[in-house]
Amino acid sequence: MRAGEVIIQALSSFGYPVKPNRYDGSERKYFTYNYADERGSDFGDNEPGIILCNMQIHFFLPEYTESDGQRAKNSYTREKNQIREALFAAGFTYPEVTVLTETDNNSIHIIYECDITEEREEV
């Protein structure tokens, strides 16, 4: 199974869109993912047996939510941790997490970086 397919399967239970590279929809919470690096691994006879994929999974969510008519800070810590555990349970290395605040669109951007292997496809 390809890394992108594993990501989609691991994150589908959250109910948010999961798209490679870019999301152009209207949902306020969504995931994107990209290959940060791919390299051969598990060499034998000078050929790689598998491909080691370093993946970046991005979770975007609004910084503020409407609560009782007031803008209230969004509490995302629990969901952030659940996503990390879901990726780890799906076979990724334990993700490194970076949290960014994007002030231009009042959103939080959480980046999960982790590795997984793919079978080598000979062409």
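Heads up: numbering here begins at 1 and tracks the sequence.
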For this session: Please write out which residues are connected to Ile51 in a hydrophobic cluster, directly or through intermediates, given that two of Ile, Leu, Val, Met, Phe, Trp, Tyr count as joined at side-chain heavy-atom separations below 4.5 angstrom.
Result: none
Exercise. How are the rings of Phe60 and Tyr30 set to each other: parallel, tilted or perpendicular (split at 30° and 60°)?
Worked result: parallel
Problem set entry | Donor + acceptor pair across side chains of Asn21, Asn34 (<3.5 Å) | no
Exercise. Considering the options Ile57, Val6, Thr93, which one meets the side chain to side chain contact (heavy atoms under 4.5 Å, CB included) requirement together with Leu87?
Worked result: Ile57
Exercise. Is any NZ, NE, NH1 or NH2 atom of the basic residue among Glu79 and Arg84 found under 4.0 Å from an Asp or Glu carboxylate oxygen of the other?
Worked result: no
Exercise. Just wondering, more than 12 heavy atoms not from Arg28 lying within 6.0 Å of its CZ?
Worked result: no
Problem set entry | Distance, nearest 0.5 Å, that separates CZ of Arg39 from CG of Asp115 | 9.0 Å
Exercise. Are Ile111 and Val97 side-chain neighbours, meaning at least one heavy-atom pair lies under 4.5 Å?
Worked result: no
Exercise. How far apart are the C-alpha atoms of Tyr76 and Glu63, what are their side-chain angles, what is the distance that settles it, and do they pass the side chain to side chain donor-acceptor pair (under 3.5 Å) test?
Worked result: CA-CA 9 Å; Tyr76 58 85; Glu63 182 179 12; over 6 Å; no
For this session: Check the pair Glu47 / Arg120 against salt bridge (charged side-chain N to carboxylate O under 4.0 Å, His left out), numbers first and verdict last.
Result: CA-CA 10 Å; Glu47 290 191 21; Arg120 179 177 169 217; 3.1 Å; yes
Exercise. To the nearest 0.5 Å, what is the distance between CD (Glu113) and CG (Asp37)?
Worked result: 9.0 Å
Problem set entry | Point-to-point distance, once rounded to the nearest 0.5 Å, from CG of Leu61 to CD1 of Ile110 | 5.5 Å
Exercise. Got a sec: does the CD of Glu38 have more than 12 other heavy atoms crowding it under 6.0 Å?
Worked result: yes
Exercise. What is the distance from atom CD1 of Ile50 to atom OG of Ser41, rounded to the nearest 0.5 Å?
Worked result: 4.5 Å
Exercise. Using the ring of each side chain (for Trp, its six-membered ring), is Phe31 parallel, tilted or perpendicular to Tyr16, with breaks at 30° and 60°?
Worked result: tilted
